[in-house]
2 protein chains.
Amino acid sequence: MSAHGFERHDHKRCVATALAEAEARATAEGLRLTPVRRRVLELLLEDHRAQGAYDILARLQAEGLGAQPPVAYRALDFLTKNGFAHRIERLNAYVACTEGAGEHAPMFMICKGCERVGEIGETAAGAGLKAEAAAAGFAVERQVIEAEGLCPDCAGTGA
Amino acid sequence: MSAHGFERHDHKRCVATALAEAEARATAEGLRLTPVRRRVLELLLEDHRAQGAYDILARLQAEGLGAQPPVAYRALDFLTKNGFAHRIERLNAYVACTEGAGEHAPMFMICKGCERVGEIGETAAGAGLKAEAAAAGFAVERQVIEAEGLCPDCAGTGA
DNA sequence: GCAGGTATTGTAATGTTATAACATATCTAC
DNA sequence: GTAGATATGTTATAACATTACAATACCTGC
Ligand SMILES: [Zn+2]
Ligand SMILES: [Zn+2]
Ligand SMILES: [Zn+2]
Ligand SMILES: [Zn+2]
């Protein structure tokens, strides 16, 4: 089931799976999923909305896990560098990864109605981008593919 | 000459053409290309690098054209809304459009070596994005497609 | 177990990007 | 020339991000 995050689903299971996979991969690859990092991942997993670094920071502060911006940014850097989360450039915010595997260059769909962000792992858009870049002799190191609009639910309600 | 901005070219002509087209389109569509807006467009056209709002603001200040952030942001908003310039989300910065026509959803190639930004008007990436979104029932209003890496010149030098 | 190096966290200060809100001026249409 | 719309001037503040350095935790070899 190609979960892009908008369809109805058992989100508790969704969270549990993601967390378990993260733990497993961290162990396998010798990554240290420390308390702050793990907690930030949990916070991002709470729903499929993107959260800003300062939203995360506020939560950490409330829990006594860190008081200054670098605490949040460092955890988010760790999570994004290792593919547990992604940064949404359009929003200057972060979402938990819903595609599990390590390296990937996904595309995102950002709903202006409900603020959810859907992820698609490998896309025609990504392939197209690589092809265009190659044709121009451009060597791609990182790519950003984001669509902003209305998710199926929100488009239906005319919102 | 599908100018993506990286190839060698007569940049004076490049600027003159863009400016003339902007004037023409502004007149045709009843848009007001005021002194500040026109000057900001000129500043963006100076080269094919992206410039931050505060870079622009500094230039305006030096020229006595405006002293506060909103002056720069408003001009940039006008230019981007009307397709004379584009915002590069990855850089929180702005480039002049090199594709002339009105509505378009381009992709950008951001060089980490020389900081130039190349634009491609309509791309396979854009088409792919639309297709993926449609398949997911997502209604796209705006899209962001940006590749970061090395341009042909910079990739050659191993930089 | 303990020294020494590496990775992580704590904290203060600061830098950068962006907007809200409201006053004033300019343009356009009638 | 007056009214309404559009654009600009200005203050203040919000939102996002990093630098720099100190302290601690952790691993690893001995
Ligand atoms: Zn879920
Ligand atoms: Zn939605
Ligand atoms: Zn040029
Ligand atoms: Zn370059």
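When reading the values below, keep in mind they use all heavy atoms of this one structure, side chains included, and skip hydrogens, waters and symmetry mates. These numbers come from a predicted model, not from an experiment. Just so it is clear: chains get the letters A, B, ... in the order the sequence lines come, proteins before strands, and each one is counted from 1.
- Between B:F108 and B:H86, the distance separating the two ring centers is shorter than 6.0 angstrom.
- Atom C1' of nucleotide D:dC16 and atom CG of A:L57 are separated by 11 Å, given to the nearest angstrom.
- In terms of modelled atom types and a separation under 3.5 Å, the side chain of A:E148 and the main chain of A:M109 share no donor-acceptor contact.
- Summarising the geometry, the separation between CG on A:D77 and C1' on C:dA7 is reported as 15 Å, rounded to the nearest angstrom.
- Across all their heavy atoms, A:L57 and A:Q68 have their closest contact at CD1-O, 3.5 Å.
- Using cut-offs of 30° and 60° on the angle between ring planes, the pair A:H48 and A:H11 is perpendicular.
- Between the CD atom of A:Q51 and the P atom of D:dA17 there is a distance of 14 Å, rounded to whole Å.
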Using a cutoff of under 3.5 Å, can you pull out all pairs of nitrogen or oxygen atoms linking the protein to nucleotides 7-15 of chain D, with atom names and distances?
| from | atom 1 | to | atom 2 | distance (Å) |
| --- | --- | --- | --- | --- |
| D:dA7 | OP1 | B:R37 | NH1 | 3.1 |
| D:dA7 | O5' | B:R37 | NH2 | 3.3 |
| D:dT8 | OP1 | B:T34 | OG1 | 2.7 |
| D:dG9 | N7 | B:R74 | NH2 | 2.6 |
| D:dG9 | O6 | B:R74 | NH1 | 3.2 |

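- In terms of modelled atom types and a separation under 3.5 Å, the side chain of B:E99 and the main chain of B:H104 share no donor-acceptor contact.
- The two residues B:L43 and B:Q51 have their closest heavy-atom pair at O-NE2, 2.8 Å.
- To the nearest angstrom, P of D:dC16 lies 7 Å from OH of A:Y73.
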